[in-house]
Amino acid sequence: MTEQSEAATQLPADVDAVQQALVEWYEDDHRSFPWRETEDPYEILVSEVMSQQTQLNRVVDAWRDFLDRWPTAADLAGADRADVVAFWTDHSLGYNNRAKYLHEAARQITDERGGEWPRDPEGLSELMGVGPYTANAVASFAFDNGDAVVDTNVKRVLYRAFDVPDDDDTFERVASELMPAGSSRVWNNAIMELGGVACGKTPDCDGAACPWREWCHAYRTGDFTAPDVPEQPSFEGSRRQFRGRIVRLLGDNEEMTLDTLGHRIRVDYTPDGDHGREWLRGLLSDLADDGLVSVDERDGNPVARLR
DNA sequence: GTCCCGATAT
DNA sequence: ATATCGGGAC
């Protein structure tokens, strides 16, 4: 038995009906987001990068503000990295590295590709910060030319509906098998909408009128387990938290000495203590490696700034 | 305190 | 393979 047909055995025999039910359900009614009104790859990419880390309802304002400030990839490419990172922090968008990636991707498009966007997932994957998920999302929503996206929503849906084993390669194969060829735009919107409104962590099958109830393994058995998600380290007191504070402070202050910075990110900062200069130097050095911050000596005194 | 969530670097 | 990367909602 080939790999392909193994994937097919996960799915109902009447795949066409399954596909049609979902697309009709989506087209009949769905949440409205502004990025669903555009086919501009730059605008789509910005929305996808923001959505990877932030709840959708909070992304709307940030997305509008971002495009207001940098309306095109060329505008973003010409911006100072520090301004983009500061924007990210001001809008509480989390992982600052993604602001850097977005800036770098805009530079790649503008400087290396003459403003031309790749129109397929393979080409899009060459952009900084664009992995398999984002490549397929942009290819789908901008060009209707992607493969099935596989994010945690999709995994949860496939796991529950068709009892797909919790294995990345299998999710990829089944998701691809299930997608109606050539309809990635509506399909990927629809299946993620399903994961968002009907098949979330706590499912709402009847309330959301899930179109797959008649085929759904979980609906039949009552077992709505979802694939395991890796457990989280606590944020409070983490180095992430302090990195965030540093970037936020440097967004508001052109440059700061190490000790000033130290005292403002934690009350128990003492230059020679456990969480003192040495500790702070470590954080700053990682931030510098990430290309977010630079540290230089000024009058024999180390100062940090956003880069 | 728990959940969310993909990409990169190593 | 695995560690790392934020911060708000609940």
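Worth saying up front: this structure is predicted, and the values here are computed from it rather than measured. Chain A is the first sequence line, chain B the second, and so forth, proteins listed ahead of strands; every chain is numbered from 1.
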Between CD of A/E104 and P of B/dA9 the distance, given in whole Å, is 11 Å
task = Look at all strands and tell whether A/V247 reaches a base, only sugar-phosphate, or nothing, counting heavy atoms closer than 4.0 Å.
result = nothing
note: A/L127, atom CG; B/dG6, atom C1'; distance rounded to Å ~ 15 Å
Practice prompt. Using a 4.0 Å heavy-atom cut-off across all strands, classify A/D286 as base, sugar-phosphate, or nothing.
Written response: nothing
side-chain contact (heavy atoms from CB on, under 4.5 Å) with A/M128: of A/K100, A/H103, A/E104, only one passes, and it is A/E104
Problem - OP1 or OP2 of C/dG6 under 4.0 Å from side-chain N/O of A/N96 - result: yes
note: A/F235, atom CZ; B/dC3, atom C1'; distance rounded to Å ~ 14 Å
Contacts of A/Q232 and A/N57 projected onto DNA chain C by closest heavy atom; the upstream (5') one is A/Q232
| message | Under 4.0 Å, heavy atoms only, any strand: does A/V229 hit a base, just the sugar-phosphate, or nothing? | response | sugar-phosphate
- Please work out whether the ring planes of A/W88 and A/F66 are parallel, tilted or perpendicular, with thresholds of 30° and 60°. perpendicular
Using a 4.0 Å heavy-atom cut-off, does A/T134 contact any base of the nucleic acid, only the sugar-phosphate backbone, or nothing at all? sugar-phosphate
Mark yes or no for whether A/N188, through its side chain, and A/D147, through its backbone, hold a donor-acceptor pair below 3.5 Å.
yes
Q. With distance as the sole criterion, is a donor-acceptor pair present between the side chains of A/R156 and A/N153 under 3.5 Å?
A. yes
P spacing across the pair B/dT10 / C/dG6, given as an integer number of angstrom | 16 Å
A/R58 CZ to C/dG6 C1', in whole Å, measures 10 Å
Problem set entry | C/dG7 to B/dA9 separation - C1' atoms, rounded to the nearest Å | 23 Å
Read 5' to 3' with Watson-Crick or G-U pairs under 3.5 Å, [ ] for crossing pairs and | for partners on another strand, DNA chain B gives ||||.|||||
- Task: Could you tell me whether A/P233 contacts a base, only the sugar-phosphate backbone, or nothing, with contacts defined as non-hydrogen atoms closer than 4.0 Å?
- Result: nothing
**Prompt:** Are OP1 or OP2 of B/dC5 and a side-chain N or O of A/T152 less than 4.0 angstrom apart?
**Reply:** yes
note: A/Y101, atom OH; C/dG6, atom C1'; distance rounded to Å ~ 14 Å
So CD of A/E48 and CG of A/L102: to nearest 0.5 Å the spacing works out to 11.5 Å
Check: Using a cut-off of 4.0 Å on non-hydrogen atoms, how would the nucleic acid contact of A/R98 be classed: base, sugar-phosphate, or nothing?
Finding: base
*asked:* Please give the distance between the P atoms of B/dC5 and C/dC10 as a whole number of Å.
replied: 14 Å
Taking B/dC5, B/dA7, C/dG7 as options, the one with an atom nearest any side-chain atom of A/N153 is B/dC5
- prompt: Below 6.0 angstrom between ring centroids: does that apply to A/F87 and A/W70?
  reply: yes
A/D168 atom CG is separated from C/dA1 atom C1', nearest whole Å, by 12 Å
From CZ of A/R243 across to P of C/dG6 the rounded distance in Å is 4 Å
Note: for A/Q53 and A/G129 on DNA chain B, the residue whose nearest nucleotide lies more 5' is A/Q53
Regarding the side chain of A/S92, the nearest nucleotide among B/dC3, B/dA7, C/dG8 is C/dG8
Would you confirm whether the ring centroid of A/F242 sits within less than 6.0 angstrom of the ring centroid of A/W279? yes
Between the side chains of A/D168 and A/K155, is the shortest nitrogen-to-carboxylate-oxygen separation below 4.0 Å, so that they form an ion pair?
yes
inquiry  = At 4.0 Å (heavy atoms only), tell me whether A/Y133 reaches a base, stays on the sugar-phosphate, or touches nothing.
reply    = sugar-phosphate
Is there a donor-acceptor contact under 3.5 Å from the side chain of A/D75 to the main chain of A/T72?
yes
To the nearest angstrom, the CZ-C1' distance between A/F87 and C/dG6 comes to 16 Å
Of A/V130 and A/T54, the one whose nearest nucleotide on DNA chain B sits closer to the 5' end is A/T54
